[in-house]
Amino acid sequence: MEKNPHDDTGPVHVPLGHIVANEKWRGSQLAQEIQGKIKLIFEDGLTPDFYLSNRCCVLYVTEADLVAGNGYRKRLVRVRNSSNLQGIVVVEKTRMSEQYFPALQKFTVLDLGMVLLPVASQMEASCLIIQLVQEQTKEPSKNPLLRKKRALLLSEPSLLRTVQQIPGVGKVKAPLLLQKFPSIQQLSNASIRELEQVVGQAVAKQIHAFFTQPR
């Protein structure tokens, strides 16, 4: 009776340099690729797919999840609403799932304010997850994608495309905004006055309205 199914987004003890993985990944290509480099500990009943540290986790959205509809969203929201966890969303962006990617991108990055990293395959995902764990091991107190500039570059193309889609922004203003506000959280919390200094009053009002209006 050690597990509490209602608290499956709470902190999990992750030994340094290990990954705690959801039992459903046992025997998968992704798990096998990771196990070659990092020790995996499998546990049942987890909402996240992988815990990289006690408070940082990966939610993995497969090609099949994306094509099947919006079922994955519930897991993302549960982790986003947990005060205990910082979630990174890794998604398989393939030819089959590409058409569904913009909706996932908007929901994850703009609506939830989470980091989104697209990968082409489970092999690519394993390399990314291993890199994230190595960053955690170097500086376990910091979220590698929100604190470290070098790792932040991993999400930059996706983040840039997302910011470009905000009304009034486009390709020219998006990089300027990200220089001043390097995360969606910072951008969404910026005041009109702060935004004006970068993009002018008219666009600043559009951006502010985009984040503050009910969706």
Side-chain angles (χ1 to χ4, degrees), residues 2-3 8-67 72 75-76 78-80 82 84-98 101 104-105 108-109 112 114-161 182-183:
E2 285 180 22
K3 288 189 192 306
D8 56 1
T9 58
V12 167
H13 174 64
V14 183
L16 196 63
H18 288 58
I19 294 175
V20 174
N22 192 309
E23 180 66 34
K24 72 179 184 182
W25 289 100
R26 189 186 290 273
S28 67
Q29 181 195 5
L30 180 55
Q32 288 168 3
E33 295 286 346
I34 293 172
Q35 278 179 309
K37 301 281 177 66
I38 294 174
K39 178 74 174 169
L40 281 181
I41 302 166
F42 292 97
E43 283 196 22
D44 238 339
L46 302 177
T47 294
D49 294 284
F50 302 97
Y51 279 88
L52 310 186
S53 69
N54 295 354
R55 293 186 176 276
C56 182
C57 68
V58 166
L59 291 136
Y60 194 95
V61 181
T62 66
E63 176 187 75
D65 291 336
L66 210 49
V67 173
Y72 62 84
R75 285 194 304 134
L76 271 56
R78 288 185 70 180
V79 169
R80 176 65 182 84
S82 168
N84 300 310
L85 282 175
Q86 290 179 314
I88 298 167
V89 181
V90 176
V91 59
E92 289 179 8
K93 186 182 179 186
T94 64
R95 278 187 192 173
M96 190 179 291
S97 67
E98 195 167 16
F101 181 75
L104 167 73
Q105 184 180 48
T108 304
V109 182
L112 298 184
M114 296 173 78
V115 174
L116 175 66
L117 299 175
V119 294
S121 64
Q122 290 192 13
M123 185 175 289
E124 187 180 326
S126 69
C127 295
L128 177 62
I129 290 170
I130 289 164
Q131 185 181 349
L132 293 175
V133 173
Q134 289 168 345
E135 294 291 351
Q136 288 278 344
T137 305
K138 287 177 196 168
E139 299 190 41
S141 64
K142 296 184 178 180
N143 182 315
L145 290 172
L146 300 181
R147 302 287 186 188
K148 289 184 65 104
K149 277 190 176 177
R150 187 175 57 155
L152 185 62
L153 293 174
L154 288 167
S155 64
E156 212 169 65
S158 171
L159 187 59
L160 185 61
R161 284 194 297 271
S183 73

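Only this structure's heavy atoms are used, side chains among them; waters, hydrogens and symmetry mates stay out. This chain uses plain numbering: 1 for the first residue, then up along the sequence.
Among all heavy-atom pairs drawn from T94 and A120, the shortest one is CG2-O, 3.7 Å. Scanning both residues, V79 and C57, for their nearest heavy atoms gives CG1-SG, 3.9 Å. Closest approach of Y60 and V119 over heavy atoms only: OH-CG2, 4.0 Å. The shortest heavy-atom contact between M114 and L76 is SD-O, 4.0 Å. The shortest non-hydrogen separation linking T108 to L112 is O-CB, 3.3 Å. When all heavy atoms of P118 and K93 are compared, the pair lying nearest together is CB-CB, 4.1 Å.
Side-chain contact between R55 and Q86: absent, with no pair of heavy atoms (C-beta onward) separated by less than 4.5 Å. Between W25 and L40, the closest side-chain pair of non-hydrogen atoms is not below 4.5 Å.
Atom-to-atom distance recorded for L66:CG and F101:CZ is 8.5 Å, nearest 0.5 angstrom. To the nearest 0.5 Å, atoms CG (L132) and CG (L52) are separated by 6.0 Å. Separation of atoms CZ (F50) and CG (N22) is listed at 8.0 Å; rounding is to 0.5 Å. Taking OG from S28 and CD1 from I34, the interatomic distance works out to 7.5 Å, rounded to the nearest 0.5 Å. Here OG1 of T47 is found 8.0 Å from CG of L59. Values are rounded to the nearest 0.5 Å. Note that the NE2 atom of H13 and the NE2 atom of H18 stand 9.0 Å from one another [nearest 0.5 Å].
Applying the side-chain contact (heavy atoms from CB on, under 4.5 Å) test between C56 and each of I88, V14, V133 identifies I88 as the sole match.
Partners of D49 under the salt bridge (Lys or Arg N to Asp or Glu O under 4.0 Å) rule, at least two apart in sequence or in another chain, are K24, R75. Judged as a salt bridge (Lys or Arg N to Asp or Glu O under 4.0 Å), and not counting sequence neighbours, K37 has no contacts.
At least one donor-acceptor pair closer than 3.5 Å links the side chain of S97 to the backbone N or O of E92. With Q122 contributing its side chain and L30 its backbone, the two residues share a donor-acceptor pair below 3.5 Å.
Residues R26 and E23 are paired through a salt bridge, judged by an N-O separation under 4.0 Å between the basic side chain and the carboxylate.
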